[in-house]
Amino acid sequence: MQVIAQQNDTLDLICWRHLGSTSGSVEQALKLNPGIADLGAVLPMGLSVILPAQPPKASTLTMINLWD
């Protein structure tokens, strides 16, 4: 997915807005956009950013109950 950065956008804000999550998707977006980290935290307006197709699935934690 390709999106255009708006004014004062950061990579994690773009991931949150378009994918609904930042967990793992920011790291994937950094790999898909080499050199984007060199631009600084706030991305230039109008920059084309490639995002991963789907947000990564969060790992599930198994809960135990000590009183059962």
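These numbers were taken from a predicted model, which means no experiment stands behind them.
- Screening residues 37-53 for side chain to side chain donor-acceptor pair (under 3.5 Å) gives Gln2-Ser48 as the qualifying pairs, with residues at least two apart or on separate chains.
- Connection of Ile64 to Trp67 is established within a shared hydrophobic cluster, with ILVMFWY side chains joined at heavy-atom distances below 4.5 Å, either directly or through further cluster members.
- Leu32 belongs to a hydrophobic cluster whose remaining members, ordered by chain and number, are Ile50; membership requires side-chain heavy atoms of ILVMFWY residues under 4.5 Å apart, directly or through intermediates.
- Met45 is not connected to Val49 by any chain of hydrophobic side-chain contacts under 4.5 Å among Ile, Leu, Val, Met, Phe, Trp and Tyr, and they are in different clusters.
- Residue-environment remark: CE (Met1) exceeds the threshold of 12 foreign heavy atoms within 6.0 Å.
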Only distances under 3.5 Å count here; give the side-chain donor-acceptor pairs of residues 11-19 to other protein atoms, sequence neighbours excluded, each with its distance to 0.1 Å.
unit_1: Asp12; atom_1: OD1; unit_2: Thr10; atom_2: OG1; d: 2.5
unit_1: Arg17; atom_1: NH1; unit_2: Asp9; atom_2: OD2; d: 3.2
unit_1: Arg17; atom_1: NH2; unit_2: Asp9; atom_2: OD1; d: 2.7

